[in-house]
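The structure appears right after this line, and notes come after that.
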Amino acid sequence: MALTITRTQYPKTKPQDYSKGFGNILTDHMFLMDYTEAEGWHDPRILPFGALALTPATMCFHYGQEIFEGMKAYRTEDGRLLLFRPMDHMRRLNHSCERICIPQVCEEELLDYLKELLKTDLDWIQDSNVDSIYIRPMIIATEPVFGARPAKDYTCMAMLTPGRPHIPKGPKPVRIYVEKEQARAVRGGTGTAKCAGNYASTFAAQAKAKAQGYTQVLWLDGAERRYVEEMGQMNIFFVIKGELITPDLSGTILDGITRRSLLAIAKDLGYQTVERRISIQEIMTAHADGTLQEAFGCGTGACIAPVGELTYGECHMNIGNGSIGTVTFTLFERLTQIQRGLVPDPYGWTMEV
Ligand SMILES: *Cc1c(COP(=O)(O)O)cnc(C)c1O
């Protein structure tokens with residue numbers, strides 16, 4: 001399909017400080033493409049960033065038929081722009097579509113359009129204060145009726161926001177609250193899809209944790225609240241007795257591309273890695289006997305978030321000594337170097353725009 005590009009007449013003034021810009025500062029253009037039963041996906045277009053006109057009856061507002069993705073492109077020292085595992089993100093987008101009953105998109109075509117969007121806003125990523133750009137594609141049901149059934153019309157969109165500033169020394173550890181009552185996902189539910197409803201349902205627990213000074217919530221399984229699943233909107237890893245452990249993809253966990261990448265990197269660096277069920281009891285026991293060495297969350301947005309404290313009821317577990325752990329840092333450094341083209345990419349993960 002032919003992409004049409006309409007450039008803005010009014011480029012925004014670029015900020016000096018991007019530190020709080022993630023998701024807040026948006027670039028000058030956006031991508032849109034429509035779906036109808038008669039025409040399928042059609043009219044791919046890049047437009048000046050701006051508001052949409054939708055009636056209050058629009059289906060996505062009522063029953064949450066929406067999915068999204070989050071991927072990044074990194075600027076290299078020699079000024080190239082590298083997407084990280086973009087086809088994995090396109091495949092996961094279609095997986096989310098399937099679960100939420102949204103028609104599939106052509107993965108190659110959508111990626112081509114996203115590359116064009118990046119090229120249209122290239123001046124943003126060339127700003128010396130910015131070293132990565134986060135790409136947020138999404139699809140919403142746009143049929144203007146509120147029947148509780150899959151919509152007939154959809155709009156796919158994408159926007160760009162400058163990525164979180166890179167911290168070469170690695171991010172600071174965060175405090176995590178283990179949620180005992182509420183659950184994020186159950187088997188057979190939507191935990192493996194990036195759909196809007198999965199996030200709204202976590203905000204109450206997140207707000208409770210924040211009010212007590214924690215950064216995020218650690219989710220346990222929905223059936224028994226015994227097994228560790230995810231940390232906020234990130235996958236979680238533990239280092240116990242030198243072994244890197246992450247919950248297996250049991251049908252409730254989001255199959256994170258950062259998680260997948262870190263598992264591959266860790267294996268190649270010679271670490272023992274294992275994907276299996278791990279209970280909060282096992283974590284407490286390991287902490288008590290001194291074998292819980294490190295813990296961290298991971299995802300595209302922040303890359304890695306070391307866990308400095310984990311609180312489960314009355315049990316406060318301090319992990320590490322207030323700074324990022326050795327294994328965590330080794331993995332963080334290796335992954336970010338590949339993403340930024342600082343070392344050769346033996347995996348074929350990066351794709352030049
Ligand atoms: C997006 C997301 C992740 C991380 O996935 P990445 O592909 O690594 O960005 C983990 N958990 C949840 C719930 C997510 O939405």
Side-chain angles (χ1 to χ4, degrees), residues 22-23 64 66-74 83-97 99-100 107 111 114 132-139 158 161 163-164 171 174 176 179 182-187 189-203 205-206 209 215-222 227-238 244 246-266 275 295-307 328 331-332 334-336 338-339 347 349-351:
F22 184 78
E66 187 267 7
I67 62 95
F68 64 91
E69 260 305 317
M71 68 174 180
K72 267 184 177 176
Y74 301 85
L83 279 161
F84 187 69
R85 305 190 74 168
M87 281 310 289
D88 295 62
H89 285 279
M90 296 298 101
R91 269 193 290 279
R92 190 172 65 192
L93 179 129
N94 265 340
H95 166 77
S96 301
C97 284
R99 182 64 185 85
I100 306 300
E107 294 167 8
L111 180 55
L114 297 177
S132 73
I133 199 128
Y134 180 91
I135 305 147
R136 166 55 55 87
M138 60 195 283
I139 302 178
T161 185
R164 293 201 171 90
V174 292
I176 299 296
E179 173 59 36
Q182 300 191 346
R184 191 193 84 92
V186 292
R187 214 166 279 192
T190 56
T192 67
K194 270 182 123 68
C195 61
N198 282 353
Y199 303 85
S201 60
T202 66
F203 294 162
Q206 186 180 310
T215 311
Q216 256 305 348
V217 166
L218 180 70
W219 295 104
L220 302 178
D221 73 281
Y227 299 99
V228 172
E229 297 219 321
E230 298 202 52
M231 178 177 127
Q233 294 83 343
M234 300 178 124
N235 295 115
I236 184 133
F237 280 84
F238 297 94
L244 196 64
T246 191
D248 55 330
L249 301 173
S250 57
T252 53
I253 290 172
L254 201 285
D255 183 359
I257 291 157
T258 316
R259 172 187 179 279
R260 236 186 266 170
S261 307
L262 291 174
L263 279 170
I265 287 173
E275 296 172 70
F296 61 87
C298 68
T300 298
C303 189
I304 275 181
V307 178
T328 310
L331 297 175
F332 168 80
R334 177 92 183 122
L335 177 60
T336 54
I338 291 173
Q339 288 170 331
Y347 307 101
W349 287 340
T350 54
M351 181 189 281

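Nothing fancy with the numbering, it's 1 onward along the sequence. We use all heavy atoms of the structure for the numbers below, so side chains are in, but hydrogens, waters and symmetry mates are not. Since we're looking at a predicted model, the values are computed, not measured. Counting convention: from 1, in listed order, for ligands and their atoms alike.
Residues Gln182 and Ser201 are not in side-chain contact: their nearest non-hydrogen atoms beyond the backbone lie 4.5 Å or more apart. Between Cys303 and Thr336, some side-chain heavy-atom pair lies under the 4.5 Å cut-off. Contact check for His89 versus Leu83: no side-chain heavy atoms found under the 4.5 Å cut-off.
Looking from atom 11 (N) of ligand 1 to the surrounding protein, the closest heavy atom is Glu230 OE1, 2.5 Å. Ranking protein heavy atoms by distance to atom 3 (C) of ligand 1, first place goes to Gln233 O, 3.3 Å. Looking at atom 9 (O) of ligand 1, its nearest protein heavy atom turns out to be Thr300 OG1, 2.6 Å. Looking only at heavy atoms of the protein, atom 5 (O) of ligand 1 is closest to Gly256 CA, 3.4 Å. For atom 15 (O) of ligand 1, the nearest protein heavy atom (residue, atom name, distance) is Tyr199 OH, 2.3 Å. Scanning the protein heavy atoms around atom 14 (C) of ligand 1, the nearest turns out to be Lys194 NZ, 3.0 Å.
A side-chain donor-acceptor contact under 3.5 Å links Gln233 and Gln216. Side chains of Ser261 and Arg85: a donor on one and an acceptor on the other come within 3.5 Å.
The shortest N/O to N/O separation between Thr258 and ligand 1 falls below 3.5 Å. For a threshold of 3.5 Å applied to N or O pairs, the pair formed by Arg259 and ligand 1 contains no separation below that value. Remark: ligand 1 and Arg92 share an N or O pair separated by less than 3.5 Å (distance only, no angle test). Polar contact check, Cys298 against ligand 1: no nitrogen or oxygen pair lies under 3.5 Å apart.
Under 4.0 angstrom from ligand 1, there are no non-hydrogen atoms of Met71. Residue-level proximity to ligand 1 for Leu254 is carried by the side chain, the only part with a heavy atom below 4.0 angstrom.
Closest heavy-atom approach to atom 13 (C) of ligand 1 within the set Arg184, Glu229, Met234: this belongs to Arg184.
Glu66 contributes a side-chain N or O that, together with a main-chain N or O of Ala196, makes up a donor-acceptor pair within less than 3.5 Å. Using a distance-only test at 3.5 Å, with no hydrogens or angles considered, no donor-acceptor pair links the side chain of Asp255 to the main chain of Leu249. Looking only at distances, no side-chain donor or acceptor of Asn235 sits under 3.5 Å from a matching main-chain atom of Thr258.
Salt bridge Arg184/Glu230: present, at least one basic N to carboxylate O contact under 4.0 Å.
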